[in-house]
2 protein chains.
Amino acid sequence: MSDISRNGGGGGTPPGRIGIGLELDAIHMKILEILRENGRISVAALAERVGISRANAYTRFEALRADGTIKRFTAEIDHVRAGLGITALIFVTVRQQMWKQFRAELARMPEVEYCAITTGQHDAMIQVRMADVAEVHAMVTDRLANIPAVKATETVFILDEVLRRPYVLPSDRDQARPSRRPPQESQGDVPLGKMRFVGAAEGRAALRKDT
Amino acid sequence: MSDISRNGGGGGTPPGRIGIGLELDAIHMKILEILRENGRISVAALAERVGISRANAYTRFEALRADGTIKRFTAEIDHVRAGLGITALIFVTVRQQMWKQFRAELARMPEVEYCAITTGQHDAMIQVRMADVAEVHAMVTDRLANIPAVKATETVFILDEVLRRPYVLPSDRDQARPSRRPPQESQGDVPLGKMRFVGAAEGRAALRKDT
DNA sequence: GTTGAAATTAGTACGAA
DNA sequence: TTCGTACTAATTTCAAC
């Protein structure tokens with residue numbers, strides 16, 4: 001079914017506190033920060049960088065792993081060098097009540113790197129890596145379009161990936177503030193109307209693609 | 001400028017062959033496959049699983065690292081447990097010739113996990129992780145909307161992340177074939193019209209958000 | 001490209017603060 | 001809980017084949 005954890009609606013989780021599991025303190029966060037930048041660092045070196053004993057580092061490291069806060073360690077690979085120079089986003093409209101089938105089909109597509117269910121005019125976004133544009137086309141027309149659960153697709157290509165951070169942590173927000181741009185409380189010059197938030201129902205009603 | 005490599009138009013790169021750098025053979029690919037699943041495996045264990053000697057494994061491992069094919073090792077963190085339960089995608093329309101400013105501002109936003117330049121009706125997609133929806137709202141209205149380079153935004157929320165694969169490799173495609181669904185050469189029942197490919201110019205002309 | 005042996009480092013266990 | 005130490009096992013390096 002789902003490979004990774006859900007992000008569902010409940011937005012009330014205070015940073016650092018988890019529903020059920022480990023209570024994360026500042027040292028845990030520091031460990032995560034180092035580990036996402038260098039997943040192969042030794043626990044001894046980790047202990048030194050964090051400023052705790054080796055034994056403590058081992059305990060915390062294992063706890064984070066056992067708890068599931070650290071899901072896995074992975075190598076980030078340069079897909080261009082590996083032979084997959086084309087990245088595309090495919091926005092999919094899914095026939096309601098056929099989600100199970102859609103997910104099952106996705107599991108059989110190894111070229112899919114990421115898939116998320118979204119609000120907005122589409123229901124899902126999938127990211128694929130391919131050797132060339134023809135392969136993307138073939139994937140969309142031959143494989144995706146043949147899934148009954150897929151009602152419509154919209155494909156865009158990625159021209160450049162500006163940045164990818166291993167994983168964002170709550171502590172990152174604290175670094176955002178000390179930057180430029182003073183507090184600016186209730187400024188009148190916020191260009192409202194520039195932005196738009198698209199809820200699930202709203203978006204889907206606004207843009208009926210077919211049927 | 002750019003944190004990660006470009007995916008630009010040149011789609012003629014044969015799988016396994018890289019423009020300038022290492023020539024990747026089947027053993028290199030196998031190493032990458034193992035490493036993306038277990039980034040902390042020892043080189044000794046890696047050698048055994050691949051079926052080569054330790055020294056060979058060390059040589060290849062170092063070559064892949066030096067070449068940049070392996071960009072880094074990282075820990076995948078459960079953002080919900082870490083306190084960031086909300087994920088959103090923000091599609092941004094960028095004022096032309098202000099890309100440099102846009103990129104510079106992005107670098108100052110640690111809560112942004114991913115940013116890609118796309119074809120289609122928007123120019124860029126950014127993915128953010130936040131503790132709650134209010135923070136997403138604040139980020140879009142206070143921080144993004146204040147960037148002159150940002151012409152318009154459209155935000156959707158991620159309800160569920162169905163899957164994330166560490167990194168897709170060319171060898172993944174070979175696993176896709178032996179699945180169900182026989183070759184089906186030139187079948188007449190492909191539901192054409194379901195899918196849509198959106199080029200940059202086309203999309204932008206179709207949906208002019210503002211001036 | 002492989003094997004084997006030495007040096008280093010990692011991981012574990014335990015008592016003390 | 002956390003720290004420090006000592007012990008054991010594994011990994012990495014370097015050599016010769």
Side-chain angles (χ1 to χ4, degrees), chain A residues 14-77 81-83 166 169-171, chain B residues 15-18 21-78 81-83 166 169-171:
Chain A
R17 177 66 183 84
I18 20 184
I20 184 161
L22 209 59
E23 186 104 20
L24 301 182
D25 59 20
I27 292 171
H28 284 120
M29 284 300 172
K30 206 166 176 186
I31 290 173
L32 294 177
E33 254 172 73
I34 294 168
L35 246 26
R36 73 181 171 166
E37 278 165 25
N38 181 7
R40 270 183 91 84
I41 192 172
S42 72
V43 181
L46 184 70
E48 196 184 21
R49 281 190 57 182
V50 174
I52 56 174
S53 70
R54 287 204 310 155
N56 193 358
Y58 274 106
T59 308
R60 285 168 177 272
F61 182 88
E62 255 319 301
L64 287 169
R65 241 182 176 304
D67 180 57
T69 305
I70 297 174
K71 291 192 284 189
R72 66 178 153 191
F73 292 93
T74 186
E76 274 191 23
I77 290 158
R81 278 174 203 270
L169 294 175
S171 50
Chain B
R17 178 65 184 82
I18 21 182
L22 209 58
E23 187 104 19
L24 302 182
D25 59 20
I27 293 172
H28 283 118
M29 284 300 173
K30 207 165 177 188
I31 290 174
L32 293 178
E33 254 172 72
I34 293 168
L35 246 25
R36 74 182 170 165
E37 278 165 25
N38 181 7
R40 272 184 88 85
I41 193 173
S42 72
V43 181
L46 183 69
E48 196 184 22
R49 281 191 57 183
V50 174
I52 55 175
S53 70
R54 269 136 344 134
N56 192 355
Y58 275 105
T59 307
R60 285 167 178 274
F61 182 88
E62 256 318 302
L64 287 169
R65 241 183 175 303
D67 180 58
T69 305
I70 297 173
K71 290 192 285 190
R72 66 178 152 191
F73 292 94
T74 186
E76 273 191 22
I77 289 156
D78 187 319
R81 279 176 203 270
L169 294 175
S171 50

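Within every chain, numbering begins at 1; the chains are lettered A, B, ... in the order of the sequence lines, protein sequences first and strands thereafter.
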Counting primed atoms plus P, OP1 and OP2 as sugar-phosphate and everything else as base, spell out the protein contacts along nucleotides 3-17 of chain C at 4.0 Å heavy-atom distance: B, S or - for each nucleotide, 5' to 3'.
BB-----SBB-----

So, taking the atom named [atom1] in [X] and the one named [atom2] in [Y], what distance separates them when rounded to the nearest 0.5 Å?
X	Y	atom1	atom2	answer
Ile77(B)	Leu35(A)	CD1	CG	7.0 Å
Asp78(B)	Leu64(A)	CG	CG	11.0 Å
Arg60(B)	Leu24(B)	CZ	CG	9.5 Å

Judged by each residue's nearest nucleotide on DNA chain D, which is more toward the 5′ side, Ile41(B) or Arg60(A)?
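Result: Arg60(A).
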
Check whether Arg72(A) reaches the backbone of Glu37(B) with its side chain - one donor and one acceptor, N or O, closer than 3.5 Å.
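Side chain of Arg72(A) to backbone of Glu37(B), a donor-acceptor pair under 3.5 Å: no, none is there.
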
With a 3.5 Å distance limit and no angle check, can you tell me whether Arg40(B) reaches the backbone of Gly39(A) through a side-chain donor-acceptor pair?
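At least one qualifying donor-acceptor pair exists.
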
Rounding to a whole Å, what distance do you find between [X]:[atom1] and [N]:[atom2]?
X	N	atom1	atom2	answer
Glu48(B)	dT2(C)	CD	P	14 Å
Phe61(A)	dT2(D)	CZ	P	17 Å
Leu46(B)	dT11(D)	CG	P	12 Å

Could you tell me whether Arg49(A) atom CZ has more than 12 heavy atoms of other residues or ligands within 6.0 Å of it?
no

